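Just below is one structure, and these are the notes that go with it.
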Amino acid sequence: MPWSAWCWFKLKPLLEAAGHRVSAFDLSASGTNTKVIQDVATLADYSMPLLEFMATIPPEKKVVLVGHSLGAWCWFKLKPLLEAAGHRVSAFDLSASGTNTKVIQDVATLADYSMPLLEFMATIPPEKKVVLVGHSLGGMNLALAMEKFPEKISISVFLTAFMPDTVHTPSYVIDQYNKVIKL
């Protein structure tokens, strides 16, 4: 997406006012990040802002990675970097994605699509909290999990991710994006 962390400047305070801890930031050589693209040679270089942020989170927190329309495999390079930093990491295949066996015809809603994440969130004991990291349209899945399980989330990280607001329908951001690129 052609956006960066600045695009959350109106929504981030609203989520924080509702009691959520939200972080939005630019990866290396993106948005307001001052690193130049010539200095980004590896995924670790590109992900450094996320890795530095994650270093501030106690490693006993479980980190849950969510993307959209790909699968858990898309985190295969980042997951070991976070695990090497001491975090327990789970990456999910959402419904009809990756190795999830649900067929796309059975996925009618965002909740249907997010079911593996929501089922996982339901198993978290009341005294535990997780860190959710969502990328791209995975921000929609994070928002749904935040709405359904606010007491089980320590912080949500929207990593160059869609972030729905509390006024419009969940598809509003996507609808506006589609108007801009004229699909």
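Numbers here are sequence positions counted from 1. This one's a predicted model, so the numbers in the text were calculated from it and none came from an experiment.
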Could you work out, with side-chain contact (heavy atoms from CB on, under 4.5 Å) as the rule, every residue matching [X], not counting sequence neighbours?
{"X": "D45", "result": "V40, A41, T42"}
{"X": "V167", "result": "D165"}
{"X": "M146", "result": "L15, H20, V22, I153, S156, F158"}

(request) Please indicate whether K148 has more than 12 foreign heavy atoms, meaning atoms of other residues, nucleotides or ligands, lying under 6.0 Å from its NZ. (result) no
(message) Hydrogens and angles aside, do S95 and N100 bring a side-chain donor and acceptor to less than 3.5 Å of each other?
(response) no
(request) Using a 4.5 Å cut-off on heavy atoms from C-beta on, say whether the side chain of V157 contacts that of L132. (result) no
(message) E147: which residues meet the side-chain hydrogen bond (donor to acceptor under 3.5 Å, both in side chains) condition with it, sequence neighbours left out?
(response) none
(message) Please enumerate all residues that pass side-chain hydrogen bond (donor to acceptor under 3.5 Å, both in side chains) together with T99, with sequence neighbours excluded.
(response)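 Here the qualifying residues are D93.
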(message) Could you work out, with ring pair (Phe, Tyr, Trp, His ring centres under 6.0 Å) as the rule, every residue matching F149, not counting sequence neighbours?
(response) none
(message) I'd like to know if L94 and V103 are part of one continuous hydrophobic network [Ile/Leu/Val/Met/Phe/Trp/Tyr, side-chain heavy atoms within less than 4.5 Å].
(response) no
(message) Quick one: does any side-chain atom of K152 pair with a main-chain N or O of I124 as donor and acceptor, under 3.5 Å?
(response)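 Yes.
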Working to the nearest 0.5 angstrom, can you tell me the gap between [X] [atom1] and [Y] [atom2]?
{"X": "L118", "Y": "T123", "atom1": "CG", "atom2": "OG1", "result": "11.0 Å"}
{"X": "M48", "Y": "D39", "atom1": "CE", "atom2": "CG", "result": "12.5 Å"}
{"X": "R88", "Y": "E83", "atom1": "CZ", "atom2": "CD", "result": "11.0 Å"}

Taking all non-hydrogen atoms of both residues into account, name the closest pair between [X] and [Y] and its distance.
{"X": "L81", "Y": "K77", "value": "CG-O, 3.5 Å"}
{"X": "A145", "Y": "M121", "value": "CB-CG, 4.4 Å"}
{"X": "N141", "Y": "L117", "value": "O-CD2, 3.8 Å"}

(request) Could you check whether the rings of F120 and F92 sit parallel, tilted or perpendicular, using 30° and 60° as the cut-offs? (result)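 If you compare the ring of F120 with that of F92, the planes turn out tilted.
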(message) Under the criterion side-chain contact (heavy atoms from CB on, under 4.5 Å), I'd like the reasoning laid out for M140 against Y113: C-alpha separation, chi angles, the key distance, then a yes or no.
(response) CA-CA 10 Å; M140 302 294 280; Y113 180 65; over 6 Å; no
